[in-house]
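A quick write-up on the structure given underneath.
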Amino acid sequence: MPFKEKKKIKYATFALLFALFGIVAPKYAAADNDGSAIKTVVIDPGHGGHDPGTNWGNGKYKEKDIVLSVSLKLGQLIKEKYPDIKVLYTRTTDKYVELSERSDFANRNRADLFISVHVNSTGTSSVTGTETFVMGTHKSESNFELCKAENSVIVLEDDYQSKYEGFDPNSPESYIIFSLLQNVHLEQSLRFAELVQQKYKSGPIYANRGVKQGGLIVLWKSTMPAVLTEIGFLSNAKDRSILVSREGQNKIAGNIFKAFCEYKTEIEQIHGKTEGIEKLRPDEEYYAIQILSVAKPLGPDAGDLKGLTDYDCIKTANAYKYITGRYNSRNEAQRNLSAVRKIFKGAFVVKITNGKIGI
Ligand SMILES: [Zn+2]
């Protein structure tokens, strides 16, 4: 997809921007939803209006049309099976919606899941398959190329420099911003992405390019589990014939729908288990992970908690210690530590005995 040539930001300017980003970049805050059930899902058909996305045959087939059709079908399947779930779309017609508005829309509606649907394209016509992205730092050059292409549309938006806080989709340095953000919904986003890729295995597009992480603006500010799925390559003849056929589109939507059903069940089961846990008995002994130690107790919306809701606070002589998890053995706690450290860097395992905290 072509994008305007832009002057490269000089390093010094960038260093300043980088410093500013640290202050103004929105944190991945807790969603207003409690994540215990899927009540609202936002489906985001990529592109639209003056932004066709990728295209083939001089505009004969356009990404924006394919993804709208797949998205509407997906929503319809969800509504049919779960009439109580609110299914919302960022667009239902061929209109352009700014990238920031897509995630804002999901946030405003307190969505429990955000699914952005896209079609891939590359210069090599033999490349085929599906891949699903979650917000993160891209580790490979090919992920960067995809993110650049999907993000590039912001340069067509008015005043995009201030709207996206100086972000330049073509500058690799700009993407450092994403490594500063902590995605509290990473685990759930990854889980949903995995399920989507798993369901794609039944075809009609069989090549599985897996779950990936990348700096995608449309996922950047969403405050719920969010994925961007690339349903196939318009540049590949076989993928293309599937992507543009009604039957192919229905099957792809059906796969995402199956992933949705499984994800919904999993989320609700996990919550059901948590609810069933009895309150701590005073004579109990278990292991947990300490995430914070502060002088004054934190409010539930405190930024330091990074959106975590599943925690306990233990008051000691000189501090309030925040812990998460509940494990029968130190080993079990240790196994979960690396995941927690992704969000709370200084986290470590503690032993709780009779409500008191120890190492
Ligand atoms: Zn796209």
Side-chain angles (χ1 to χ4, degrees), residues 1-4 42-57 59-74 89-103 105-106 114-125 127-136 138 142-157 160 164 167 169-170 175 178 189 193 196-197 200 205 209-222 226-236 239-240 242-244 248-249 252-253 256:
M1 174 192 327
F3 32 79
K4 269 193 234 163
V42 166
I43 304 173
D44 172 45
H47 312 277
H50 66 260
D51 168 26
T54 189
N55 81 93
W56 186 85
K60 186 176 179 204
Y61 299 125
K62 299 184 192 81
E63 177 179 0
K64 66 174 183 177
D65 300 329
I66 299 167
V67 298
L68 180 59
S69 165
V70 169
S71 296
L72 293 173
K73 183 73 198 167
L74 169 63
Y89 305 90
T90 54
R91 68 180 179 96
T92 52
T93 57
D94 182 19
K95 67 165 187 184
Y96 180 69
V97 181
E98 294 187 349
L99 288 190
S100 56
E101 170 53 21
R102 293 170 194 254
S103 49
F105 174 78
F114 179 82
I115 311 170
S116 189
V117 183
H118 287 254
V119 166
N120 231 327
S121 182
T122 180
T124 315
S125 62
V127 176
T128 163
T130 59
E131 56 193 13
T132 300
F133 282 79
V134 305
M135 183 63 209
H138 38 254
S142 65
N143 288 7
F144 173 58
E145 287 306 316
L146 180 130
C147 295
K148 202 164 79 169
E150 296 294 10
N151 289 338
S152 66
V153 67
I154 65 166
V155 304
L156 304 175
E157 296 177 12
Y160 80 91
Y164 296 96
F167 187 86
N170 298 328
Y175 288 81
F178 297 121
S189 304
V196 170
Q197 285 303 123
Y200 284 153
I205 294 176
R209 299 166 58 83
V211 173
K212 297 181 174 177
Q213 296 199 26
L216 288 154
I217 293 175
V218 73
L219 304 179
W220 176 11
K221 294 182 183 181
S222 56
V227 306
L228 182 149
T229 186
E230 298 275 352
I231 60 176
F233 281 83
L234 205 50
S235 45
N236 175 272
D239 281 13
R240 184 168 60 245
I242 293 162
L243 289 168
V244 301
Q249 292 171 356
I252 293 165
I256 307 173

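Start at 1 and go down the list; that is how both ligands and their atoms are numbered.
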Output field for angle at the Zn ion (ligand 1), Glu150.OE2 vs His47.NE2, rounded to 10°, should show 150°
Residues at least two apart in sequence or cross-chain that pass salt bridge (Lys or Arg N to Asp or Glu O under 4.0 Å) with Lys62, listed by chain then number, are none
Q.
Using side chain to side chain contact (heavy atoms under 4.5 Å, CB included), reason through Glu150 and Val218 one step at a time and then give a plain yes or no.
A. CA-CA 9 Å; Glu150 296 294 10; Val218 73; over 6 Å; no
Under 2.8 Å from the Zn ion (ligand 1) - does any N, O or S atom of Glu63 fall there?
yes
Restricting His118 to its N/O/S atoms, the closest one to the Zn ion (ligand 1) is ND1
Tell me whether the rings of Trp56 and Tyr61 are parallel (<30°), tilted (30 to 60°) or perpendicular (>60°). parallel
Asp44 meets the salt bridge (Lys or Arg N to Asp or Glu O under 4.0 Å) criterion, sequence neighbours left out, with Arg102
